[in-house]
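Quick caveat: nothing in here was measured; it's all calculated off a predicted structure. Numbered from 1 within each chain, the chains take letters A, B, ... in sequence-line order.
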2 protein chains.
Amino acid sequence: MTRHSSGLTELEGAVLSEIHHRLNRTAFKVRRAFQTSPSIEWSGSAGAVYPAIRRLVEAGLIESTPITTGKKGSHLSLTHDGVAALEDWICDPVRATSVGVDPFRLRAGLWATLDSARRADALLGLKQAVGEELARLTTTLDDLDPVERARSRWSIQLQTMRLQWLEDQTAQSDAAPDSK
Amino acid sequence: MTRHSSGLTELEGAVLSEIHHRLNRTAFKVRRAFQTSPSIEWSGSAGAVYPAIRRLVEAGLIESTPITTGKKGSHLSLTHDGVAALEDWICDPVRATSVGVDPFRLRAGLWATLDSARRADALLGLKQAVGEELARLTTTLDDLDPVERARSRWSIQLQTMRLQWLEDQTAQSDAAPDSK
DNA sequence: CCGAACATGTAACCTGTTACATGATTAC
DNA sequence: GTAATCATGTAACAGGTTACATGTTCGG
């Protein structure tokens with residue numbers, strides 16, 4: 001993905017924050033954090049995480065010290081430069097406020113183009129999917145660390161707004177069944 | 001990026017909708033639509049759009065007929081299969097309701113980890129960026145076709161919610177200046 | 001001792017990015 | 001005629017995906 005002012009990709013920034021703020025201090029734990037994260041975001045594939053960490057080590061942002069005491073694996077921590085780069089990434093206003101690739105936004109104006117039967121079907125399926133996601137988010141909220149909890153809270157607000165949008169679409173759909 | 005149930009990437013779906021719903025019926029116009037779109041989403045690079053269209057033609061979803069009358073270029077339209085694939089993509093509930101890679105969400109829990117000076121700075125910059133984007137979105141709303149207008153309306157809601165989030169963060173920040 | 005979980009990595013592939021190259025048409 | 005815009009593409013590269021390969025440690 002494109003590198004922005006902070007010089008980090010979104011994945012690299014996320015990796016740094018996993019190590020520094022969420023205390024996942026081995027490559028494996030970082031990877032598992034992505035895999036088990038309540039959101040899809042990235043698959044947490046080995047082919048993405050390990051190369052990303054290697055790049056960050058080579059760039060001098062991560063310090064990697066092999067664990068000697070029985071355990072295998074390497075302990076990762078951010079260097080001074082790493083912390084600075086992470087903060088730049090966190091604060092980058094252009095990046096932070098861009099819409100990214102929002103799949104809902106892309107489709108927001110397109111449901112109205114469907115014929116009424118298909119549209120009703122789609123809206124029902126979408127509302128159900130959002131509803132299930134909302135239920136999952138609210139029930140798992142307590143088990144999360146502060147960082148992930150904040151993300152979940154944001155997701156709840158987002159999905160609630162999506163649900164509202166879908167209900168508005170349904171209402172408009174009922175008012176004007178088929179615009180042709 | 002990953003292909004989902006509809007078999008289309010997000011870019012491919014967006015390309016089909018540009019052709020079918022927004023009447024950008026040459027490769028060049030599709031490309032320009034991405035480039036001049038109020039959102040970043042994709043760069044609309046030639047190296048992405050032309051290959052994507054070629055793939056869609058080869059898959060039998062787009063019909064490409066060279067323009068004979070003076071003009072150069074090819075006229076693009078969706079085949080029967082193309083319309084079906086587009087509708088599947090539009091209605092795919094898993095895709096449509098995923099958070100995608102939301103840069104705001106990724107950072108939502110991280111501003112609180114900054115020291116109070118840096119945090120105040122960051123929040124100010126972010127609120128300004130969101131404010132400017134909101135101003136731009138509201139003033140350009142009238143010039144847009146229905147599809148893009150719906151997207152803009154969604155973006156306005158999203159950015160408004162982001163602004164609210166940032167103001168809440170600022171308030172909490174003021175209440176507890178430095179948590180160490 | 002054996003299977004599950006821990007741990008690390010590579011190889012082939014796909015798609016998007018930048019940067020470059022090329023030519024046709026139109027407005028002046 | 002010439003500059004801007006229209007129009008199409010390719011080449012090198014970056015970074016993410018799946019799938020595979022390999023070895024370690026620990027609980028039973």
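Every side-chain contact (heavy atoms from CB on, under 4.5 Å) that D81(A) has, sequence neighbours left out, goes to L61(A), T79(A). Legend: residues meeting side-chain contact (heavy atoms from CB on, under 4.5 Å) with S64(A), ordered by chain and number and at least two apart, are V57(A), S74(A), L76(A). By the side chain to side chain donor-acceptor pair (under 3.5 Å) test, E132(B) pairs with Q128(B), sequence neighbours left out. Scored by the side chain to side chain donor-acceptor pair (under 3.5 Å) test, D168(A) finds Q164(A) as partners (sequence neighbours excluded). T140(A) meets the side chain to side chain donor-acceptor pair (under 3.5 Å) test with no other residue; sequence neighbours excluded.
If you check residues 96-104 of chain B against DNA chain D, you find no residue with a heavy atom closer than 4.0 Å. Residues from residues 14-24 of chain B that place a heavy atom under 4.0 Å from any atom of DNA chain C: there are none.
Checked against dC6(D), dT10(C), dG16(D), the side chain of R32(B) finds its nearest nucleotide in dC6(D). When the nucleotides dT10(C), dT8(D), dT10(D) are ranked by their closest atom to the side chain of F28(B), dT8(D) comes out on top. With dG16(D), dG16(C), dT8(D) as the choices, the nucleotide that has an atom nearest any side-chain atom of T26(B) turns out to be dT8(D).
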Kindly list each side-chain donor-acceptor pair under 3.5 angstrom involving residues 98-106 of chain B, sequence neighbours excluded, with atom names and distances?
| unit_1 | atom_1 | unit_2 | atom_2 | d |
| --- | --- | --- | --- | --- |
| S98(B) | OG | R95(B) | O | 3.4 |
| S98(B) | OG | G100(B) | N | 3.4 |
| D102(B) | OD1 | F104(B) | N | 2.9 |
| D102(B) | OD1 | R105(B) | N | 3.2 |
| D102(B) | OD1 | R162(B) | NH2 | 3.1 |
| D102(B) | OD2 | W154(A) | NE1 | 3.1 |
| R105(B) | NE | S155(A) | OG | 3.0 |
| R105(B) | NH1 | E41(A) | OE1 | 3.2 |
| R105(B) | NH1 | E41(A) | OE2 | 2.8 |

For residues 11-20 of chain A, which side-chain donor-acceptor pairs fall under 3.5 Å, sequence neighbours excluded?
| unit_1 | atom_1 | unit_2 | atom_2 | d |
| --- | --- | --- | --- | --- |
| E12(A) | OE1 | R3(A) | NH2 | 2.4 |
| E12(A) | OE1 | T9(A) | N | 3.0 |
| E12(A) | OE2 | R3(A) | NH2 | 2.6 |
| E12(A) | OE2 | R55(A) | NE | 2.8 |
| E12(A) | OE2 | R55(A) | NH2 | 3.2 |
| S17(A) | OG | A14(A) | O | 3.0 |
| E18(A) | OE1 | R22(A) | NH1 | 3.2 |
| E18(A) | OE1 | N24(A) | ND2 | 2.7 |
| E18(A) | OE2 | R22(A) | NH1 | 3.0 |

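Applying the ring-ring contact (aromatic ring centres under 6.0 Å, His included) test to pairs two or more places apart or on separate chains, those with a residue in residues 33-61 of chain B are F34(B)-W42(B). Residue pairs meeting the ring-ring contact (aromatic ring centres under 6.0 Å, His included) criterion with at least one partner in residues 116-143 of chain B, sequence neighbours excluded, do not occur; the list is empty.
A distance-only check finds no donor-acceptor pair linking the side chain of R25(A) to the backbone of H75(A) [under 3.5 Å].
Side-chain N/O atoms of R25(B) include none lying less than 4.0 angstrom from OP1 or OP2 on dA7(D). Residue Y50(B) places no side-chain N or O under 4.0 Å from the OP1 or OP2 atom of dG9(D).
Here the P atom of nucleotide dT25(D) and the NZ atom of K29(A) are 16 Å apart, to the nearest Å. Atom CH2 of W42(B) is separated from atom C1' of dT17(C) by 14 Å (rounded to the nearest Å). Separating the CD1 atom of I53(B) from the C1' atom of dG16(C) is a distance of 14 Å, rounded to the nearest angstrom.
No chain of hydrophobic side-chain contacts below 4.5 Å, direct or via other Ile, Leu, Val, Met, Phe, Trp or Tyr residues, connects L124(B) to W165(B).
The residue among P51(B) and L11(A) whose nearest nucleotide of DNA chain D lies closer to the 5′ end is P51(B).
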Please enumerate all protein N or O atoms sitting under 3.5 Å from an N or O of nucleotides 18-20 of chain D, with distances to 0.1 Å.
| unit_1 | atom_1 | unit_2 | atom_2 | d |
| --- | --- | --- | --- | --- |
| dT18(D) | OP2 | S43(A) | OG | 3.2 |

